[in-house]
Trainee: 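Just dropping this structure here.
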Amino acid sequence: MKKHFALYILLAAMVSMNLASCNKDDDKNSTSTITDYSVYSSATTLVSSFALKANAKVAPNLDSVKFTIDQERAVIYNADSLPHGTMVAALLADVRCASTVASRQFIIKNGIKMRDTTITYTGATTDSIDFTGDVTLRITSRDGNHTRDYKVSVNVHRENPDTIVWNEDRRRDLPGTGGGAVMATKTVQQEENLLCLVHAGTGYVLSECSDPATGNWVEKSLSLPFEPQVPSFTATGDALYMLDINNQLFTSSDKGDTWSPCGVEWVSIIGAYGNRVLGVKHDGEEWKHDEYPRTSGFESTTLPATFPVAGMSQLVMASNGWSSNQQVMIMGGVTRDGTLTNQVWGYDGHQWGVISTTGSGNALPKLRNATLLSYYTYLTASDAYTPKRYDTWMVMGGVLEDGTLNTVTYTSRNQGINWSKGVSSVQMPKYMPAFCGAQAFISMQIFHASGSRLMGYNPGHITPITEWECPYIYLFGGYDVNGQPLTSVWEGVLNRLTFKPVF
């Protein structure tokens, strides 16, 4: 195939050189012509570029859509599909060939507007093409001895690519829930594994899984030497932690088989930072930050009045450009005076600070037991066609100040500083129950797609991708408005991320 491609380029170059020579001769009123054109006549049927002409009534920046020309299979298509709902029944095309040809014809069959139509294309053609049907672009060589048919497709997304789809058919039950009435649940992540703790009936079951898509959990019953607060269940890189009903901290270094007291009394566990667990303690009249095990030189510091002492979201790792240390974030919760907060706090391994703005740029309501998630959304600039991906923080669920459950998803595209109500395509579907206290995690799934070797003169052509990672959201458990455990695992994904990447 490489030899054939090289031959196409060589022949096209020869044609271009001869045509350039002819042009120079024409400038000098010369009558020189190519006398042995048939040797490379078939190569001159190659399309060198294909584009659509601008039409703001159909879609913005239509003329910037990149088309791939697969010379091997003779197909032309836009790898990055047009937005869902774009009408392609009457579009103007811009077709260019590697050299002079006798004719360029669009043959349209079974279109919405054109059932059986042939249009001869010239640079001045104003006839529109109905790309809803089967479209063939036929190129006839200059000497008329060769033709080449390209199948042309103008792809349009069949679904809104920016919708987060929660597949109802993929809903599953939490592992370990078959032992009686479920009293409490909590799911955490340790390295590459997810650990789900369930209190059902009179027992406790800990389940472990490395790939939630498969639903293959390994379950084991725990024999605990204390009565736990299941929602406090936390995992660091090398241990598990949990508070008992007397607020004593316990730890396990063998995946829950044995537990031992840490000699620490905390009001709540905030989450894990590396191999440390972060917590809040009530020391006399003061509320303080604490950690276990304590690093060298650590000193407990007094909590700011607006810092949550309980009911904060799960602690989530963040990536940013303003800190050299790993940063983690929490949202909402109950402050020490019993009021709810809508603030987002960040921790860089040494100190806490408020990240979210307190002005009009923070549309977050005051919440407790909300779910915080770092995911992706896409936006298309007004002067571009290709959408840009943004790291996007999301807040879902939680309990509002009036005691009702929040059903709105809020988003931030600048690392939690400014927030707004998410667009309709990222909101939860009606068939999912309202929730609080759920845990969300991202799990990468490998997608495979067949591809062919793409060849062409189009500068927008792409290298085929046959495998890519797709980040899925997995939402575990939570509680309903009455505090009853929800026992579902929901799987969600942004539609666009399931599509074969363009690059």
Trainee: Could you tell me whether the side chain of V65 reaches within less than 4.5 Å of the side chain of D80, counting heavy atoms only?
Mentor: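 No, their side chains stay 4.5 Å or more apart.
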
Trainee: Between R172 and P212, which heavy-atom pair has the shortest distance, and what is it?
Mentor: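 Taking R172 first and P212 second, the nearest heavy atoms are NH1-O, 3.3 Å.
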
Trainee: If we only count heavy atoms from C-beta on, is the V280 to L303 side-chain gap below 4.5 Å?
Mentor: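 V280 reaches L303 side chain to side chain.
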
Trainee: With distance as the sole test, does N342 use its side chain to make a donor-acceptor pair with the main-chain N or O of L364 at under 3.5 Å?
Mentor: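 Confirmed, N342 side chain pairs with L364 backbone.
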
Trainee: Side chains of H157 and L82: closer than 4.5 Å at any heavy-atom pair?
Mentor: no

Trainee: Please report the C-alpha distance between W393 and Q415 in whole Å, then the side-chain angles of each, then the deciding distance to 0.1 Å, and finally whether the side-chain hydrogen bond (donor to acceptor under 3.5 Å, both in side chains) criterion is met.
Mentor: CA-CA 7 Å; W393 285 86; Q415 293 293 326; 3.2 Å; yes

Trainee: Can a donor-acceptor pair be found, under 3.5 Å and without considering hydrogens, that links the side chain of N406 to the backbone of L400?
Mentor: no

Trainee: Checking S153 against N155 for the side-chain hydrogen bond (donor to acceptor under 3.5 Å, both in side chains) test, could you report, in this order, the C-alpha distance in whole Å, the side-chain angles of both residues, the deciding distance, and whether it holds?
Mentor: CA-CA 6 Å; S153 299; N155 295 321; 4.7 Å; no

Trainee: Say you draw a straight line from OG1 of T498 to CD of Q445; how long is it, rounded to the nearest 0.5 Å?
Mentor: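 These two atoms lie 12.5 Å from each other.
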
Trainee: Answer yes or no: are there more than 12 heavy-atom neighbours, outside M444 itself, under 6.0 Å from its atom CE?
Mentor: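 Check passes, neighbour count above 12.
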
Trainee: Side chain of E291, backbone of R276: donor and acceptor closer than 3.5 Å?
Mentor: no

Trainee: Using side-chain heavy atoms (C-beta onward) and a distance below 4.5 Å, is Q248 in contact with V264?
Mentor: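 With C-beta onward as the side chain, the pair stays apart.
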
Trainee: Count the heavy atoms belonging to other residues, nucleotides or ligands that lie under 6.0 Å from NZ of K366, then report whether that count exceeds 12.
Mentor: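 Incorrect, the count does not exceed 12.
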
Trainee: For residues Q190 and A235, report the shortest heavy-atom separation together with the two atoms involved.
Mentor: CB-CB, 3.9 Å

Trainee: Heavy atoms, side chains only, cut-off 4.5 Å: are I330 and I270 in contact?
Mentor: yes

Trainee: Answer yes when K255 and E208 have at least one side-chain N-carboxylate O distance shorter than 4.0 Å, and no when they do not.
Mentor: yes

Trainee: With side chains defined as the heavy atoms from C-beta onward, is the minimum distance between T392 and Y376 less than 4.5 Å?
Mentor: no

Trainee: Please step through side chain to side chain contact (heavy atoms under 4.5 Å, CB included) for the pair F226 and I245, ending with a clear verdict.
Mentor: CA-CA 8 Å; F226 59 95; I245 59 172; over 6 Å; no

Trainee: Is a side-chain donor-acceptor pair under 3.5 Å present for D238 with T236?
Mentor: yes

Trainee: With a 3.5 Å distance limit and no angle check, can you tell me whether S252 reaches the backbone of T258 through a side-chain donor-acceptor pair?
Mentor: yes

Trainee: Go through it in stages, so that I can follow the logic: the residues are E286 and T302, the test is side-chain hydrogen bond (donor to acceptor under 3.5 Å, both in side chains), and I'd like the CA-CA distance, side-chain angles, deciding distance and then a yes or no.
Mentor: CA-CA 7 Å; E286 292 190 286; T302 301; 3.0 Å; yes

Trainee: Can you tell me how far apart CZ (R170) and OH (Y472) are? Round to the nearest 0.5 Å.
Mentor: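 R170 atom CZ to Y472 atom OH measures 7.5 Å (nearest 0.5 Å).
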
Trainee: State, to 0.1 Å, how close T177 and V198 come at their nearest heavy-atom pair, and which atoms those are.
Mentor: CG2-CG1, 4.1 Å

Trainee: Which distance, rounded to the nearest 0.5 Å, do you find between the CG of L278 and the CD1 of I269?
Mentor: 10.0 Å

Trainee: Report the relative orientation of the aromatic rings in H282 and W287; use parallel for angles under 30°, tilted for 30 to 60°, perpendicular for over 60°.
Mentor: parallel

Trainee: Evaluate side-chain hydrogen bond (donor to acceptor under 3.5 Å, both in side chains) for S412 paired with N414, printing each intermediate quantity in order.
Mentor: CA-CA 6 Å; S412 169; N414 59 359; 3.0 Å; yes

Trainee: Can a donor-acceptor pair be found, under 3.5 Å and without considering hydrogens, that links the side chain of H199 to the backbone of M183?
Mentor: no

Trainee: Hey, are Q229 and N247 close enough side-chain-wise for a donor-acceptor pair under 3.5 Å?
Mentor: yes

Trainee: What is the distance from atom CZ of F298 to atom NE2 of H289, rounded to the nearest 0.5 Å?
Mentor: 8.5 Å

Trainee: Taking Y347's backbone N and O only, do any of them form a donor-acceptor pair with Q327's side chain (distance below 3.5 Å, no angle check)?
Mentor: no

Trainee: Is the backbone of A440 close enough, under 3.5 Å, to the side chain of Q314 for a donor and an acceptor to pair up by distance?
Mentor: yes

Trainee: Which is it for S313 and V395 under the side chain to side chain contact (heavy atoms under 4.5 Å, CB included) test, yes or no, and what are the steps along the way?
Mentor: CA-CA 9 Å; S313 72; V395 167; over 6 Å; no

Trainee: Heavy-atom count around E227 CD within 6.0 Å, excluding the residue itself: above 12?
Mentor: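 Counting other residues, nucleotides and ligands, CD of E227 stays at 12 neighbours or fewer.
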
Trainee: Would you check, one step at a time, whether the test salt bridge (Lys or Arg N to Asp or Glu O under 4.0 Å) holds for D257 with K220?
Mentor: CA-CA 9 Å; D257 290 336; K220 66 178 178 182; 2.9 Å; yes

Trainee: Any donor-acceptor pair under 3.5 Å linking the side chain of D290 with the backbone of G279?
Mentor: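 No.
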
Trainee: Give the minimum heavy-atom separation between A54 and L62, together with the two atoms involved.
Mentor: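 Heavy atoms of A54 and L62 come nearest at CA-CB, 4.4 Å.
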
Trainee: Under 30°, 30 to 60°, or over 60°: which ring-plane class applies to F307 and W352, parallel, tilted or perpendicular?
Mentor: perpendicular

Trainee: Short question: side chain of T163, backbone of V165 - any donor-acceptor pair under 3.5 Å?
Mentor: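 No; zero donor-acceptor contacts below 3.5 Å.
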
Trainee: Once you round to the nearest 0.5 Å, how far does CG of L497 lie from CH2 of W468?
Mentor: 10.5 Å

Trainee: Checking side-chain hydrogen bond (donor to acceptor under 3.5 Å, both in side chains) between R171 and each of D173, N167, D169, which is the one that passes?
Mentor: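 So, applying the side-chain hydrogen bond (donor to acceptor under 3.5 Å, both in side chains) to R171 and each of D173, N167, D169, only D173 qualifies.
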
Trainee: With a 4.5 Å cut-off on side-chain heavy atoms, are W345 and S356 touching?
Mentor: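 SC-SC contact between S356 and W345 ruled out.
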
Trainee: Are F250 and L224 close enough that some pair of their side-chain heavy atoms sits under 4.5 Å apart?
Mentor: no

Trainee: Which heavy atom of G422 sits nearest a heavy atom of T411, and at what distance?
Mentor: CA-OG1, 3.9 Å

Trainee: Could you pull out the closest heavy-atom pair between L243 and S268, with the gap in Å?
Mentor: CD1-CA, 3.9 Å

Trainee: Can you list the steps and then say if L249 with Y241 is a side chain to side chain contact (heavy atoms under 4.5 Å, CB included)?
Mentor: CA-CA 7 Å; L249 183 65; Y241 292 89; 4.1 Å; yes

Trainee: Using only atom types and a distance under 3.5 Å, with no angle test, would you say the side chain of Q439 pairs donor to acceptor with the backbone of G437?
Mentor: yes

Trainee: What's the separation between atom CZ in R294 and atom OG in S300, rounded to the nearest 0.5 Å?
Mentor: 4.0 Å

Trainee: Check this for me, if you would: do D391 and R389 make a salt bridge, where the nitrogen-to-carboxylate-oxygen distance has to be below 4.0 angstrom?
Mentor: no

Trainee: Walk me through it: do R368 and T341 pass the test side chain to side chain contact (heavy atoms under 4.5 Å, CB included)?
Mentor: CA-CA 8 Å; R368 60 179 171 86; T341 177; over 6 Å; no

